[in-house]
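Accompanying notes for the structure given below.
Basis for what follows: all heavy atoms, side chains included, without hydrogens, waters or symmetry-related copies. Quick caveat: nothing in here was measured; it's all calculated off a predicted structure.
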Amino acid sequence: QLAAILTGSIGAMSYVFADYAVKFWPGLGGTSAAWLAASAVICLAIVNVVGMIVGKTVQNALTIAKLCGMLAIVVGGFLFGKDVSLAAQTPMGGPGFGLAMIFVLFAYGGWNDAAFVAAEVRDRQRNLPWVLLLGTGSIMLIYLCVNAGYLFGLGFEGVRASSAPAADVFRNVLGEWGSKGMSVVVMISALGAVNGMMFTGSRVYASLGADHRVFAFLGRWHPRFATPVWSLLAETAVALMLIVIVGTERGRGGLDSVLQTVGLSPLPWEQ
């Protein structure tokens, strides 16, 4: 979780935020994406270090804003959709069902993260099962509704041809301003995902520190803020390292040099 899984997901979602920020403000330039991604991670790390209440409040606010944006997609798709077919008009192709399911399952990623904060849940024997069941059920309902909004708004072929269907649905409603508004929704959604993973992930590492002496530093909690400050700092450091290595040309070149030094081939970054 610390070396790759959660920190890698934090880095990936921070790039979603950064890429859409560049799309919203074209003057920033594409090369600034890595630094925007890193800045988002650092800012949310500070929020989570300051205290659980602050981190929880930020998470709730981002989640509400995200849900409002998704509701707008559904309403826009159903009310302002074009008269288009909901079925495929040309033969299906592409990399296949398996690859498509990776992105579907990625949308459900994090359904179990509530278990990571079980120690801080009130009446957890009663509440935690309900949180997991209702949370997963809500994600399923939202996912299906949003995809229905895409289909009714753009049609099957329109969704196939679009690289950003949500922005295209908004464009049908509000023109270019709608597309920019969707960029803001995606930015908020990405920040919510990053904040949630940082909040829950740090509790995993803190438990590791409490159970194993070699990682004891990860189990230290701030006496005033009551947060696993060292876990948050370690999580932030690894995420930033991954952002720099994968997200910058110099970082990718450095990693390729290391691989070639030990007799391995460089990574196919362009693919």
Side-chain angles (χ1 to χ4, degrees), residues 1-2 5-14 16-18 21 36-71 106-143 184-210 218-240:
Q1 297 287 356
L2 178 60
I5 297 174
L6 273 173
T7 47
S9 295
I10 288 170
M13 292 308 299
S14 69
V16 173
F17 162 79
L36 285 170
S39 299
V41 171
I42 292 171
C43 290
L44 290 175
I46 294 171
V47 166
N48 281 280
V49 167
V50 168
M52 185 184 71
I53 300 298
V54 177
K56 181 182 72 173
T57 301
V58 170
Q59 183 64 35
N60 289 340
L62 291 172
T63 300
I64 291 171
K66 181 194 311 185
L67 289 174
C68 289
M70 291 181 175
L71 177 62
F106 193 69
Y108 288 83
W111 68 269
N112 60 328
D113 283 8
F116 296 167
V117 294
E120 296 168 85
V121 175
R122 288 192 292 268
D123 193 9
R124 53 183 171 270
Q125 287 185 321
R126 181 178 68 87
N127 289 331
L128 200 57
W130 280 110
V131 167
L132 292 170
L133 290 171
L134 293 176
T136 307
S138 299
I139 291 172
M140 292 172 62
L141 179 62
I142 293 167
Y143 183 86
V184 174
V185 171
V186 174
M187 289 162 61
I188 292 171
S189 179
L191 290 176
V194 171
N195 189 69
M197 287 185 286
M198 296 189 78
F199 184 92
T200 56
S202 61
R203 272 64 181 173
V204 176
Y205 321 136
S207 296
L208 174 70
L218 293 173
R220 297 175 185 170
W221 289 64
H222 195 283
R224 177 183 173 188
F225 299 134
T227 54
V229 60
W230 287 103
S231 285
L232 284 163
L233 292 176
E235 180 179 58
T236 303
V238 175
L240 291 175

What heavy-atom pair brings [X] and [Y] nearest, and what distance separates the two atoms?
| X | Y | value |
| --- | --- | --- |
| Tyr205 | Gln1 | OH-O, 3.4 Å |
| Leu132 | Thr136 | O-OG1, 2.8 Å |
| Lys66 | Ala193 | NZ-N, 4.4 Å |
| Met198 | Ile10 | CG-CD1, 3.7 Å |
| Leu36 | Ala21 | CD1-CB, 4.1 Å |
| His222 | Arg224 | ND1-N, 3.0 Å |

Gap separating the [atom1] atom of [X] from the [atom2] atom of [Y], nearest 0.5 angstrom:
| X | Y | atom1 | atom2 | result |
| --- | --- | --- | --- | --- |
| Gln59 | Ile64 | CD | CD1 | 10.5 Å |
| Thr236 | Ile42 | OG1 | CD1 | 8.0 Å |
| Phe17 | Leu44 | CZ | CG | 8.5 Å |
| Ser39 | Leu240 | OG | CG | 9.0 Å |
| Asn195 | Ile188 | CG | CD1 | 13.0 Å |

Worksheet item: Are Ile142 and Leu67 close enough, and set up right, to give a side chain to side chain contact (heavy atoms under 4.5 Å, CB included), and what steps lead you there?
Response: CA-CA 9 Å; Ile142 293 167; Leu67 289 174; 3.5 Å; yes
Worksheet item: Just one of Leu6, Leu233, Leu2 clears the side chain to side chain contact (heavy atoms under 4.5 Å, CB included) bar with Val238, so which one?
Response: Leu2
Distance-only, no hydrogens or angles: does the [X] side chain make a donor-acceptor pair with backbone N or O of [Y] under 3.5 Å?
| X | Y | result |
| --- | --- | --- |
| Ser202 | Phe199 | yes |
| Thr227 | Val49 | yes |
| Ser231 | Leu218 | yes |
| Ser138 | Leu134 | yes |
| Ser189 | Val186 | no |

